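Input: a single structure, listed below in structure tokens.
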Amino acid sequence: MAEFVIPPVDVVGLPVSGSSGQFPVAQIYCVGRNYADHAIEMGHNPDREAPFFFLKPGYALLSGGGALSYPSMTQDLHHEVELVVALARGGENITVHEAQDLIYGFAVGIDLTRRDLQAQAKKLGRPWDAGKTFLHAAPCSELRPGSSLQSIHQAKIKLSVNGEIRQSGNLDQMIWKVPEIIARLSECFPLRGGDLIFTGTPAGVGPVQTGDELHAEIEGIGSLRVSVKQ
Ligand code: MN
């Protein structure tokens, strides 16, 4: 083992249902505009444009849910409920056919977004990082290992705020399917075991206030509770 000149950052872990072990998180990849009704609500053409990606750092993970502080620099924090895919192993130039073999399991996550900062970045042609990256910007449920893509093909995905449904959709509405996302990502980036992929959100994104209780759920996969503190 190399000796580091300062202590290295700890690997963040996700709980795994039915196991006492944790899933070690490497990169967190996210897909933009992957449901037509969400693309439309954000003012875009939902035609099958090539998928595009952004990343969140490990410290964005709010592992298993819980409390987070309302982030700095924003007056317009938004929720985006998403299917999260966890990779058991990686590779480059993975085919759509091979993609299923890379999957460790699935979870439900929320791609929290400082929408005002993202909108400003879009307007100025700048990177989205300030909109998408902050402490606990990626709450994620425990992982459910071993589910096949077939078994979740038509699963319902939803999010409520204080008991009121805000987002409700179905995984079969995804424009780019999970194997296509993995294949495309692996052309762009060196995928590794431990990577998480947030796969885009259905319509109904909206603001989150201090004091709100979020409940995200994907049928057959799991549920996630997040509370927003001062
Ligand atoms: Mn998203």
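Bear in mind the structure is a predicted one, so any value in this text is a computation, not a measurement. In listed order, ligands and their atoms are each counted from 1. What you see below is based on every heavy atom in this structure, not just the backbone, and it leaves out hydrogens, waters and symmetry mates. One is the number of the first residue; the rest follow in order along the sequence.
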Lys156 atom NZ, over 12 foreign heavy atoms within 6.0 Å: no
For the Mn ion (ligand 1), the closest N/O/S atom belonging to Glu82: OE2
Parallel, tilted or perpendicular: rings of Trp128 and Phe54 (30°, 60°): tilted
For the Mn ion (ligand 1): the N/O/S atom of Asp111 at shortest distance: OD2
NZ/Lys56: more than 12 non-hydrogen atoms of other groups inside 6.0 Å: yes
Closest non-hydrogen atom pair, Glu98 against Asn93: OE1-O, 4.2 Å
N, O or S atom within Glu80 nearest to the Mn ion (ligand 1), by name: OE1
